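Below is one structure; the comments refer to it alone.
Small disclaimer: the values here were computed from a predicted structure and weren't measured.
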Amino acid sequence: MIQIAPSILSADFSRLGDQVQLVEEAGAEVLHIDIMDGHFVPNLTFGPALVKSLRGHSKMRFDVHLMVEEPEKFIVDFADAGANHITFHLETSRHAHRVIQQIKEHGMTAGIALNPATPLDGIKYILQDLDMVLLMTVNPGFGGQKFIPNVLPKIQVLHRHLEQTHSSCLIEVDGGINLETAAAVAKAGAHILVAGAAVFAQADPKLAVAKIRHAAVLIKGE
Ligand code: DX5
Ligand code: ZN
């Protein structure tokens, strides 16, 4: 089943509670929350306090995407704030296995993200421990960037491998997802589609969620 994960990075921050409510009403399963530290990526966003404020406004699963160096330092704070899931980047962690265990010990599901240039090889021996793999389809740091089509074969290879091993690990894609690319990533095997600008930069974010789902589901024949 395809899940849609609106990213609040492109939302109107002056009325964030309302914007989150809109996409929840639209049936989005997951809320994608981008945490940037100005080191791993050239931008700054939010911290655990924002997650805590939103927690009171939404029943959606909170999918925290950590684009920060030393992700292990922030696991407890995001767990306490009400996150359901944490994804950290393979490129930021020398002890990825330990970070995954730490996330799970705090009652959350764990994901690992790979930049477009990072091969799948690095997760070979930790795949069994992961609930999700996030394949970046742009270079992380900003919303509204152009989808990098070279990632499509990477989605296909991972999808095939997960099927062959009867794994329940999900593939999330993030960056440049719109009606056209939603169909392409769904066809390649993605399960969770993050969409920022394609939802919140639209006149009707509710309708936008429905349209993205329709485009993805049509191609999958669900
Ligand atoms: C980019 C973030 C994305 C971003 C996606 O580094 O990880 O989640 O919000 O935005 P769009 O969908 O606009 O590319
Ligand atoms: Zn993200």
Side-chain angles (χ1 to χ4, degrees), residues 1-7 9-10 28-36 40-41 43 61 63-68 71 85-93 96-97 99-100 103 109-165 167-199 212-213 215-217 219-220:
M1 231 232 347
I2 293 283
Q3 298 179 40
I4 309 295
S7 162
L9 190 59
S10 294
E29 292 83 357
V30 178
L31 190 71
H32 187 82
I33 305 172
D34 289 302
I35 312 296
M36 304 186 188
F40 175 59
V41 288
N43 197 4
R61 277 182 67 71
D63 164 23
V64 171
H65 177 192
L66 290 183
M67 285 162 275
V68 304
H85 172 95
I86 290 185
T87 297
F88 65 99
H89 273 257
L90 181 64
E91 300 88 357
T92 62
S93 189
H97 182 268
V99 182
I100 295 166
I103 294 170
T109 51
I112 202 153
L114 305 180
N115 284 339
T118 305
L120 290 169
D121 312 30
I123 55 169
K124 186 172 177 187
Y125 298 105
I126 47 173
L127 203 48
Q128 314 84 287
D129 297 309
L130 288 168
D131 300 291
M132 185 250 264
V133 176
L134 168 50
L135 297 180
M136 291 302 304
T137 40
V138 296
N139 291 299
F142 303 94
Q145 300 184 83
K146 200 171 173 307
F147 180 82
I148 299 172
N150 295 1
V151 184
L152 285 170
K154 191 155 119 181
I155 302 170
Q156 283 165 354
V157 169
L158 179 60
H159 182 252
R160 217 172 297 138
H161 177 79
L162 294 175
E163 277 206 331
Q164 279 164 3
T165 53
S167 169
S168 57
C169 181
L170 298 176
I171 302 175
E172 182 173 69
V173 288
D174 184 7
I177 300 299
N178 54 33
L179 296 184
E180 191 185 320
T181 57
V185 293
K187 193 170 178 209
H191 307 104
I192 308 172
L193 277 50
V194 175
V199 171
I212 295 167
R213 187 189 304 283
V217 165
I219 209 95
K220 292 270 284 190

query = Rounded to the nearest 0.5 Å, what separation is found between the CG atom of L66 and the CE atom of M36?
reply = 11.5 Å
request  = Show your reasoning for whether side-chain contact (heavy atoms from CB on, under 4.5 Å) applies to L114 and L134.
outcome  = CA-CA 6 Å; L114 305 180; L134 168 50; over 6 Å; no
task = Would you indicate whether the side-chain heavy atoms of V173 and V194 approach each other to under 4.5 Å?
result = no
Between CD on residue E91 and CE on residue M67, distance to nearest 0.5 Å = 11.5 Å
ask   = Looking at side-chain heavy atoms only, is the closest gap between H159 and I171 below 4.5 Å?
value = yes
ask   = In Å, rounded to the nearest 0.5 Å, how long is the span from CD of E172 to CG of D63?
value = 4.5 Å
inquiry  = Between V199 and I212, is there a side-chain heavy-atom distance shorter than 4.5 Å?
reply    = yes
4.5 Å side-chain heavy-atom contact, V68 and F40 = no
request  = Answer whether the closest heavy-atom distance between the side chains of R61 and E29 falls below 4.5 Å.
outcome  = no
task = Would you indicate whether the side-chain heavy atoms of V138 and F147 approach each other to under 4.5 Å?
result = no
inquiry  = Do H32 and D174 pair up side chain to side chain, a donor and an acceptor below 3.5 Å, judged on atom types alone?
reply    = yes
request  = For the pair H65 and H89, name the ring-plane relationship: parallel under 30°, tilted 30 to 60°, perpendicular over 60°.
outcome  = parallel
4.5 Å side-chain heavy-atom contact, T87 and M132 = yes
task = To the nearest 0.5 Å, tell me how far I35 CD1 sits from L9 CG.
result = 10.0 Å
note = In terms of heavy-atom contacts, G144 and A197 come closest through CA-CB, 4.1 Å
key: Within-4.5 Å side-chain heavy-atom neighbours: L170 and D131   = no
Side chains of residues 149-157: which donor-acceptor partners sit under 3.5 Å, not counting sequence neighbours?
unit_1	atom_1	unit_2	atom_2	d
K154	NZ	N115	O	3.0
K154	NZ	P116	O	3.3
K154	NZ	T118	O	2.6

note = Residue set satisfying side-chain contact (heavy atoms from CB on, under 4.5 Å) with F142, at least two apart, ordered chain then number -> P42, N43, Q145
Straight-line distance of L127 CG to I112 CD1, nearest 0.5 Å = 10.0 Å
request  = Identify the heavy atoms of I2 and A186 that sit nearest to each other, and give their distance.
outcome  = CD1-CB, 4.0 Å
request  = Start with the C-alpha distance between I103 and I86, add both sets of side-chain angles, then the distance that settles side-chain contact (heavy atoms from CB on, under 4.5 Å), and finish with yes or no.
outcome  = CA-CA 7 Å; I103 294 170; I86 290 185; 3.8 Å; yes
message = Looking at every non-hydrogen atom in both residues, tell me the closest pair between D129 and I100 and how far apart they are.
response = O-CG2, 3.6 Å
task = Can you see which heavy atom on A96 is nearest to which on I126, and at what distance?
result = CB-CD1, 4.0 Å
ask   = If you measure from CG on L31 to OG on S7, what distance do you get to the nearest 0.5 Å?
value = 8.0 Å
